[in-house]
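Have a look at the structure below, then the notes.
Each ligand, and each atom within it, is numbered from 1 in the order the structure gives. All values derive from a computational prediction rather than experimental measurement. Counting from 1, the numbers follow the sequence of the chain as shown.
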Amino acid sequence: MIYRSISTLKWLIFLGLLTACGQTAVNPDEQLRDIINMHQLTGDPSQGRDLPRISDPLAQLGMQLFYTQALSGAGDAACVSCHHPLLGGDDGLPLSIGVGAADPALLGTGRKHPEGALVARNAPTTFNCGLWDEVMFWDGRVESLGKTPLKNGGDGQGIHTPDRVFHYADPEAGANLVEAQSRFPVTADVEMRGFDFGMSGHNGSDIRNALAANIGDYGDGAGTIPSNDWLLFFQSAFNSNANAEDLITYAAIAHAIGEYERSQLFVETAWKAYVQGDDEAISASAKQGAILFYGRAGCAACHAGDFFTDEQFYVTAVPQIGYGAVPYDDDWGRYSETGDEVDRYAFRVPTLLNVEVTEPYGHDGAYQTLEEVVRHMVNPETAVAAYDFNQFDSSIHMVNSKEHTEEALAQLHENRNKNVKTLMSMTLADEEIDDIVNFLLTLTDPCVKEPACLAPWIPSELLPDPDGLRLDAIFQN
Ligand code: HEC
Ligand code: HEC
């Protein structure tokens with residue numbers, strides 16, 4: 001069992017101790033060793049988990065599926081369009097561009113859509129996505145019910161998805177959150193589905209079944225992919241002789257994609273080495289940053305445990321940019337799931353592992369640099385007041401951004417008044433901000449910055465392409 005949070009009482013005692021210690025100069029390593037014990041950190045959030053390796057046959061099949069544009073309605077987008085390993089497991093854009101891109105193969109900040117960014121939110125990284133236990137998505141609309149108190153009834157077991165009423169399990173969700181999540185990008189029009197998917201029926205199951213039939217080359221899907229070798233790949237990965245109708249279902253596709261994503265484990269950080277006893281693993285500034293993070297700056301109250309998230313939802317008033325999810329032109333985040341007033345503008349706490357490479361930041365990518373988003377987390381009022389609402393070109397819809405950001409800030413203040421856990425405000429010196437940023441930089445696994453190390457998660461040119469629709473990305477700023 002990994003402890004992600006500590007009780008409020010312990011936290012108060014701990015803050016008290018820190019204040020007491022502040023009187024005398026304490027060796028930062030001693031201070032941090034106490035913090036590490038207090039928070040029961042191991043440095044390794046993957047401990048006790050059974051995650052696949054990228055060399056596993058199902059993860060290999062999942063990689064091929066993750067890169068194929070055959071899972072999009074018009075053959076112009078793949079999962080990897082928005083989650084490329086060389087872009088930190090995301091797309092480097094504030095708001096993603098899926099179908100209809102000017103050049104579908106072009107990834108990175110040069111990716112454009114004639115109508116601008118239509119996707120509602122910033123793409124989170126797929127790196128370490130096998131470590132989420134409770135929720136996926138910024139609003140948690142894919143959710144493990146076993147861990148959630150039954151606020152509104154529901155059946156309390158399994159995995160909830162947007163295909164079911166809130167708090168009810170989706171019997172088709174599959175074995176884990178990642179697998180459940182991978183059922184939804186293909187049904188979202190702006191992500192992969194497109195706007196003129198020529199097929200009967202419009203609900204999620206119809207679309208998934210049609211895509212599986214295309215990949216499996218059976219039924220109405222027969223012949224839709226001219227050169228189609230998928231059956232051989234499925235038979236080999238599942239070690240089965242079954243025919244395409246039985247083997248190539250969307251559930252099997254989701255399972256394989258999930259195995260690929262869950263194999264993306266990148267947790268070998270300098271901070272881990274430090275937690276596990278190497279005093280030399282991080283710089284003096286990063287140590288001061290860690291002391292602030294776990295102490296006075298209060299970050300660990302939400303970015304808790306070895307995965308740096310408590311998987312809960314809080315209002316932080318990160319500026320609202322883009323069209324948003326629900327309602328149109330705004331984004332109420334968790335409120336759209338729960339309908340609780342305190343959840344209006346609340347978003348899931350992101351992990352901070354590898355945060356160095358997952359820019360831009362926030363649910364809508366409103367902040368380009370780590371320093372900016374850290375300044376926001378330290379003092380949302382001054383950050384919002386200083387935010388440049390004119391910094392983007394016309395590709396990002398900004399019509400009501402400022403008003404909605406102010407509404408989010410008002411919600412934050414209301415939550416504070418009601419004693420609902422939310423972001424506090426404080427003043428830190430510039431040097432202290434630098435220290436926190438330097439601490440966050442110790443949460444990078446060097447592998448995520450080295451193309452050679454990431455190569456196993458990218459199909460090589462030598463690997464046979466099952467359908468000739470593999471997205472071979474080009475990168476351009
Ligand atoms: C158009 C870009 C785009 C495409 C294509 C896309 N995604 Fe995403 N992905 C996103 C965005 C944006 C989010 C966040 C949406 C939200 O939270 O409401 C997301 C969320 C996720 C998450 C949740 C991560 C987390 O931390 O909660 C996973 C996992 C994921 N996508 C995997 C996939 C898979 C698998 C596919 C292909 C089947 C895919 N994505 C296709 C943009 C994309
Ligand atoms: C009350 C809970 C809470 C506290 C305290 C908190 N955060 Fe956050 N943090 C969040 C939430 C929620 C988000 C996502 C907000 C959004 O996108 O709307 C976030 C986002 C971030 C991000 C952006 C990550 C990404 O991938 O987009 C960073 C970096 C960050 N926080 C660092 C910090 C630091 C450093 C502190 C302490 C100074 C801190 N946070 C304090 C809840 C918190």
Item to check | ligand 1 contact by Arg141, heavy-atom criterion under 4.0 angstrom | outcome: yes
Item to check | Which segment of Val119 sits under 4.0 Å of ligand 1 when only heavy atoms are counted | outcome: side chain
Checklist entry - Of all the atoms in ligand 2, which lie at a distance below 4.0 Å from a heavy atom belonging to Val378? => result 38 (C)
Next on the checklist: Can you tell me if Phe184 contacts ligand 1 (heavy atom of the residue under 4.0 Å from the ligand)?
Outcome noted: no
Checklist entry - Using heavy atoms and a threshold below 4.0 Å, how should the contact between Thr316 and ligand 2 be classified: side chain, backbone, both, or neither? => result side chain
Next on the checklist: Using heavy atoms and a 4.0 Å limit, tell me yes or no: is Ala120 in contact with ligand 1?
Outcome noted: no
Next on the checklist: Need one value: angle at atom 8 (Fe) of ligand 2, Met377 atom SD versus His303 atom NE2, rounded to 10 degrees.
Outcome noted: 180°
Checklist entry - Any chance the side chains of Glu261 and His83 put a donor and an acceptor closer than 3.5 Å? => result no
Next on the checklist: Under 4.0 Å from a heavy atom of Leu352: which atoms of ligand 2 are those, numbered in the order shown and with their elements?
Outcome noted: 28 (C), 29 (C), 30 (C)
Checklist entry - Is it the side chain, the backbone, both or neither of Met192 that has a heavy atom closer than 4.0 Å to ligand 1? => result side chain
Checklist entry - When you check the side-chain N and O atoms of Asn354 and Thr444, is any donor under 3.5 Å from an acceptor? => result no
Checklist outcome for this item: Honestly, for Ile436 the part within reach of ligand 2 (heavy atoms, under 4.0 Å) is side chain
Item to check | Residue part near ligand 2, for Trp138, under 4.0 Å between non-hydrogen atoms | outcome: side chain
Checklist entry - Relative to ligand 1, is Ser96 under 4.0 angstrom through side chain, backbone, both or neither, heavy atoms considered? => result side chain
Checklist outcome for this item: Counting heavy atoms under 4.0 Å, the part of Gln181 that contacts ligand 1 is side chain
Next on the checklist: Taking the cut-offs as 6.0 angstrom to the six-membered ring centre and 45 degrees off its axis, would you call Arg121 and Phe137 a cation-pi pair?
Outcome noted: no
Checklist outcome for this item: Honestly, for His83 the part within reach of ligand 1 (heavy atoms, under 4.0 Å) is side chain
Next on the checklist: Ring centroids only, cut at 6.0 angstrom: are Phe347 and His363 within range, meaning strictly under it?
Outcome noted: yes
Checklist entry - Ion pair present between Arg296 and Glu432, side-chain N to carboxylate O less than 4.0 angstrom? => result yes
Item to check | Sub-4.0 Å heavy-atom contact, Ile257 with ligand 1 | outcome: yes
Checklist outcome for this item: atom 38 (C) of ligand 2 has as its nearest protein heavy atom Cys299 SG, 2.7 Å
Next on the checklist: Within 45 degrees of the ring normal and closer than 6.0 Å to the centroid, is that where the cationic atom of Arg348 sits relative to Phe313?
Outcome noted: no
Checklist entry - ligand 1 versus Ala78, non-hydrogen atoms closer than 4.0 Å: side chain, backbone, both, neither? => result backbone
Item to check | Heteroatom distance test (Tyr314, ligand 2): nitrogen or oxygen, under 3.5 angstrom | outcome: no
Checklist outcome for this item: Candidates Tyr260, Tyr67, Phe137; heavy atom nearest atom 15 (C) of ligand 1 found on Phe137
Checklist entry - Which residue supplies the protein heavy atom nearest to atom 29 (C) of ligand 2, what is that atom called, and how far is it? => result Val373 CG1, 3.5 Å
